[in-house]
Undergrad: 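Handing you this structure, nothing more for now.
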Amino acid sequence: MAFDETKTEDFKVVGQRVKRPDGVDKVTGKAKFGADAVAPGMLFAAIVRSPHAHARIVKIDTSKAEALSGVKGIVTRADFATGLTGGDLDVLENVMAGEKALYDGHAVAAVAATSQLVARDAAKLVEVEYEVLPHVTDVDKAMASDAPVIREGAADQSVPEGMHPNVVRYHESGHGDIEAGFAEADLVVEDSFKTEATHQGYIEPHACLAQLGGDNKGELWCCTQGHWNVQKLCAAMLGLETSQLRVTASEIGGGFGGKTAVFIEPVALALSRKTNRPVKLVMSRSEVFRATGPTASTSMDIKIGMKKDGTITAGQGTFRLQGGAFPGAPMEFTAMCAFAPYNLQNVKQVGYDVMANRPKQAAYRAPGSPMAAFAVESVIDELCKKLGLDPIEVRLKNASKQGTKASFGPTWDRIGLVETLEAAQSHPHYSAPLKEGQGRGISCGFWFNHGGETSVTLALSEDGTAQLSVGTPDIGGSRASMAQMAAEELGIPYENIRTTIADTATLGYNEVSHGSRVTYASGLATIKAARAAVKILCARAAAKWGIDEDAVVWENGCAKPSGPNAGEFDPLPIEKLTRSMGRTGGPIVGHFEATPEGAGVSFATHIVDAEVDKETGQTKVVRYTVVQDAGKAINPAYVEGQFQGGAAQGIGWALNEEYIYGEDGRLQNSVFLDYRIPVASDLPMIDTVIVEVPNPGHPYGVRGVGETSICPPLAAIANAVSNAAGVRLKELPMSPPRILAALEDQANNG
Amino acid sequence: MQYHTPSSFDDAVALAKDAQGVTRFLAGGTDVLVQLRADIVTPDVLIDIKKIAGVSDITREGDGWRIGVAVTGAEMSEHDTLGKEWPGLVEAMDLIGSTQVQGRATLTGNLCNGSPAADSVPAMVAAGVTVTVTGPNGERKVAVEDIPTAPGKTSLEAGELVTAVHVPARGKSGGDAYLRFIPRTEMDIAVVGCGINLRLDGKKIVEARVALGAVAPTVLLVEEAANAIIGTELDDAALEALAEAASAACNPINDKRGTIKFRTHVAGVLAKRAAKIAYQRAEAAS
Ligand SMILES: Cc1cc2nc3c(=O)[nH]c(=O)nc-3n(C[C@H](O)[C@H](O)[C@H](O)COP(=O)(O)OP(=O)(O)OC[C@H]3O[C@@H](n4cnc5c(N)ncnc54)[C@H](O)[C@@H]3O)c2cc1C
């Protein structure tokens with residue numbers, strides 16, 4: 001096989017449901033997560049947090065805390081780098097408040113002590129004098145002219161004149177003439193929607209162990225989706241040379257985008273530098289809710305025109321996203337994903353990034369896209385109902401295909417939306433009869449997927465096994481998938497490869513495990529690194545046989561002459577070549593570094609049946625089917641797991657999860673008891689269908705699958721619930737009180 | 001913090017009477033320890049009552065039952081006859097938490113924690129359960145509905161503790177039921193709870209007790225709701241009257257768990273549903 005060839009069939013290891021190499025360690029408790037690291041002389045840290053949503057910090061008096069026996073050091077903003085600008089300054093402001101506390105839970109100071117209890121007690125003794133300021137937490141209110149200003153001068157040039165200073169970025173995209181499009185329509189539906197912020201809800205709270213000396217050389221162990229990013233940010237926050245801080249990623253108990261940022265790591269490093277001792281810092285669940293990044297809350301207006309035959313003539317969307325007290329709400333993604341599934345001649349989308357007194361939003365699985373689908377797909381459902389059309393037929397009629405100009409500009413390469421819609425249509429779920437009180441909903445969803453900086457090394461051992469070092473933390477079984485791809489290329493058993501998530505000193509820069517990029521980008525790099533090693537193996541065989549390198553091929557783990565003309569030699573298995581590698585030219589290592597650009601986009605179609613108790617407003621999801629394009633499923637079990645996970649999180653977001661703020665701007669439900677993530681018994685078995693339309697940008701056709709799975713659920717569930725209840729639900733979560741209120745409104749107003 | 005493990009109720013009373021600062025009894029600890037960890041209540045004195053003889057026993061008392069103050073939810077569910085006689089009470093206790101919590105949580109802890117949303121409490125009130133309260137001045141018997149006085153507060157005096165739970169005789173043609181509303185299926189706090197206990201003569205209801213949880217600062221025993229179904233065969237009119245009376249008795253708050261309007265409405269819905277189950281059980285026991 002040529003070294004750059006694309007492979008689409010005859011896979012031996014790829015496509016198998018192999019066991020994950022980290023499985024035994026995880027079920028036996030041996031795996032080391034963020035909080036499992038210890039060091040001699042270690043101190044424990046606790047963070048002092050603002051109880052106010054918005055307040056000027058007048059004075060911080062640490063004297064009582066410092067006097068407590070066991071307290072070894074206290075840091076405030078004064079212990080971090082100065083002179084930062086832009087995104088780095090925002091991160092530092094969020095990690096440790098400067099002049100103002102900007103949300104309930106904002107870090108104000110931190111204490112290191114000889115035990116966790118002493119640290120907690122000392123944190124309570126830190127006296128902070130606040131001047132409480134007016135606050136705002138709702139996105140629409142934060143844009144109103146009378147809203148308190150969170151930070152002057154935070155807006156960039158994109159923002160139109162006359163907007164409130166809390167509006168900090170603006171986006172506009174589309175093409176065609178929407179007014180002409182609406183004029184062509186037989187029916188135009190226009191509506192407004194809102195969604196509340198939800199948290200990623202990963203099971204492992206943020207945790208780290210930091211060591212930083214007065215010489216500014218350090219080591220950091222932490223639970224993160226990307227340790228090179230942590231290295232870069234922490235170096236900036238603390239004024240270090242990047243290379244002097246080595247960061248190791250622990251096992252990770254979930255992230256879903258929420259662990260692509262830093263929160264506690266710079267604080268632990270600052271405390272370590274101040275005390276000259278290792279410092280461990282572990283967040284409580286309540287701190288995770290109050291002070292890490294939930295997703296953005298939204299307020300959206302959608303207008304769509306349709307002909308009687310189902311052709312969409314125009315689509316328009318306005319998306320206002322609140323992302324906490326900092327710029328960065330992913331409103332451009334919301335806008336760009338909104339109409340991406342459809343081939344529209346006339347489309348326009350506008351986005352506003354709005355600041356409010358809430359924690360800085362962080363990425364959450366396809367950031368911004370699920371909300372867009374909720375709004376757009378609800379309106380499409382309403383149009384289908386009013387025009388008496390089948391919702392899948394209508395989506396097929398308007399579906400984006402290869403060659404379609406996307407709503408936000410590019411022209412699609414090979415994509416698999418039509419295939420997911422067809423698979424959904426022919427799935428038994430779609431035609432199964434519904435019981436009394438049940439409704440069915442469908443929705444499409446879209447996510448871009450991402451490539452990103454990637455560096456991988458594959459080193460062969462003398463016995464013919466391989467050590468694969470990748471730099472993307474394994475949040476979804478990627479060590480297994482990487483080993484499968486390497487095994488496929490090397491022609492050796494899957495078990496003969498050990499995949500390690502290497503630390504920052506070992507590989508070049510690796511972007512975080514986000515954007516559904518790992519199986520695509522680290523996978524691509526793994527394949528290329530393996531091919532580089534194979535090339536060396538072939539060269540060694542060629543040297544031994546005294547023939548040309550090009551006359552050697554690699555098959556089933558052996559070097560072979562490429563044909564009769566190359567010469568008559570017995571195949572040389574990998575272990576023979578590796579045993580002698582010290583004498584034939586030295587260690588055999590393949591590596592690959594690049595920023596691959598060919599991440600294929602992914603589409604999905606979900607079908608949901610929901611049952612609504614009209615007396616209590618309670619919803620039960622009774623059947624759920626996910627159909628999604630995976631390009632090529634390297635490990636179908638993990639692909640299905642991603643599909644199911646996205647649907648499960650979507651069910652929580654749609655029905656019960658929400659950030660609830662009191663009048664005082666404080667978060668009311670910072671525990672899992674009241675932040676209602678679904679429990680196992682809330683979920684039906686989630687059925688999955690893997691569609692495989694190969695991505696031309698990956699050697700095996702892989703498309704990322706982690707994020708698209710959460711794009712359709714909000715909309716599909718809203719459509720199912722609206723059909724079951726007989727009234728359109730326009731606000732998430734569709735909690736029982738909201739459903740009853742909607743039913744009552746309808747009864748009163750017809 | 002001091003931790004005591006008295007071996008008799010007298011010792012427990014003596015310790016509690018002399019205790020300085022915030023004092024808590026430790027039964028299953030599923031409220032006490034959670035509140036401690038969450039920085040809500042940090043007791044100065046913890047008096048563990050699980051080492052006292054007999055506290056884990058469920059025993060016959062006349063034709064009724066005496067339930068020890070450390071008996072767990074799991075032990076109640078696994079008991080041979082208690083749940084056959086009082087399915088509503090046992091189911092209410094069984095709704096609390098998860099398998100892990102069931103191995104620790106107790107009726108007494110649920111009652112004395114003072115939460116208006118405590119699940120076993122409306123079921124106990126409907127069943128007419130009483131408790132023995134022992135203190136420096138001796139013993140008294142108190143109806144369950146007279147224990148909670150406000151969220152987190154009880155009528156127990158300093159040095160007093162609950163030393164036994166008394167479940168009355170089931171008697172003939174009786175049935176009870178407890179239902180709660182939570183947005184999820186498990187691991188949640190009642191937004192509304194309703195316990196109903198009734199007795200039939202033929203098809204006619206001759207006795208009834210209706211109790212509501214989470215719709216007022218303390219559990220409510222709603223006489224008007226009971227009167228709405230006494231003398232009826234639980235026809236549609238009676239059910240409507242029951243729902244109306246139950247809703248009318250509500251005095252809830254708006255909070256993160258539910259709105260006033262929602263709680264008031266759902267109290268009526270649950271009352272109807274619980275009454276139907278209790279009625280079926282009473283018929284089956286006739
Ligand atoms: C995960 C989880 C889920 C839960 N789910 C529910 C639920 O669904 N429904 C619900 O109602 N509750 C729930 N709870 C709360 C709790 O489990 C119950 O209230 C339980 O019944 C408390 O019993 P305990 O024995 O653990 O009480 P403890 O925590 O030991 O004590 C609770 C209180 O009662 C007092 N007390 C205990 N014994 C006595 C006594 N003999 N005399 C006087 N005072 C006494 C203590 O001082 C303390 O104030 C849940 C708790 C957890 C952790």
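Naming: A, B, ... by sequence-line order, numbering from 1 per chain. All values below were derived from every heavy atom in this structure, side-chain atoms included, with hydrogens, water molecules and symmetry-related copies excluded.
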Undergrad: Would you say that A/Asp104 contacts A/Arg290 through its side chain, given a criterion of any heavy-atom pair below 4.5 Å between the two side chains?
TA: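 Yes, at least one pair of side-chain atoms sits under 4.5 Å.
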Undergrad: Given heavy-atom pairs under 4.5 angstrom as the criterion, report whether the side chain, backbone, both or neither of A/Lys124 touches chain B.
TA: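 Only the side chain of A/Lys124 comes within 4.5 Å of chain B.
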Undergrad: Which bit of A/Tyr675 comes within less than 4.5 Å of chain B, counting heavy atoms only: side chain, backbone, both or neither?
TA: backbone
Undergrad: For the residue pair B/Gln102 and B/Thr72, establish whether any side-chain heavy-atom pair is separated by less than 4.5 Å.
TA: no
Undergrad: Answer with side chain, backbone, both or neither: which region of B/Val192 has an atom nearer than 4.5 Å to a non-hydrogen atom of chain A?
TA: neither
Undergrad: Examine whether an atom of A/Asn656 lies under 4.5 Å from a heavy atom of chain B, and if so say whether it belongs to the side chain, the backbone or both; otherwise answer neither.
TA: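 For A/Asn656, the side chain is the part near chain B, not the backbone.
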Undergrad: Less than 3.5 Å apart, which donor and acceptor atoms pair up between the side chains of residues 608-615 of chain A and the rest of the protein, not counting sequence neighbours?
TA:
residue, atom, partner, partner atom, Å
A/Asp609, OD1, A/His429, NE2, 3.0
A/Asp609, OD1, A/Arg440, NE, 2.7
A/Asp609, OD2, A/His429, NE2, 3.1
A/Asp609, OD2, A/Arg440, NH2, 3.1
A/Glu611, OE1, A/Gln438, NE2, 2.7
A/Asp613, OD1, A/Glu615, N, 2.9
A/Asp613, OD1, A/Thr616, N, 3.4
A/Asp613, OD1, B/Arg273, NH2, 3.1
A/Asp613, OD2, A/Thr616, OG1, 3.2
A/Asp613, OD2, B/Arg273, NH1, 2.9
A/Asp613, OD2, B/Arg273, NH2, 3.1
A/Glu615, OE1, B/Arg273, NE, 3.4
A/Glu615, OE1, B/Arg273, NH2, 2.7

Undergrad: Is A/Ile660 close to chain B through its backbone or its side chain, or both, or neither, when contacts mean heavy atoms under 4.5 Å?
TA: side chain
Undergrad: Can you find a heavy atom in the side chain of B/Met93 that is under 4.5 Å from one in the side chain of B/Ser77?
TA: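 No - every pair of side-chain heavy atoms lies 4.5 Å or more apart.
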Undergrad: Using a strict 4.0 Å threshold on nitrogen-to-oxygen distance, state whether A/Glu658 and A/Arg676 make a salt bridge.
TA: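 Looking at A/Arg676 together with A/Glu658, the answer is no, because their closest N to O distance does not fall below 4.0 Å.
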Undergrad: Measure distances from B/Ile182 to the heavy atoms of chain A and classify the residue's part below 4.5 Å as side chain, backbone, both or neither.
TA: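 Just its backbone gets close to chain A.
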Undergrad: Do B/Pro43 and B/Leu36 come close enough that some side-chain heavy atom pair is under 4.5 Å?
TA: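 B/Pro43 vs B/Leu36: side chains touch.
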Undergrad: Top residue by heavy-atom pair count (under 4.5 Å) with chain B, among A/Gly617, A/Pro736, A/Ala680?
TA: A/Pro736
Undergrad: Under 4.5 Å heavy-atom distance to chain B, tell me which part of A/Arg285 shows up: side chain, backbone, both or neither.
TA: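 A/Arg285 has no heavy atom closer than 4.5 Å to chain B.
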Undergrad: Sort A/Ile677 into side chain, backbone, both or neither according to what part of it lies under 4.5 angstrom from a heavy atom of chain B.
TA: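 Its backbone and side chain both get close to chain B.
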Undergrad: Under a 4.5 Å cut-off applied to non-hydrogen side-chain atoms, are A/Glu196 and A/Tyr659 in contact?
TA: yes
Undergrad: Based on non-hydrogen pairs under 4.5 Å, which of B/Val191, B/Val266, B/Asp255, B/Thr185 is most in contact with chain A?
TA: B/Thr185
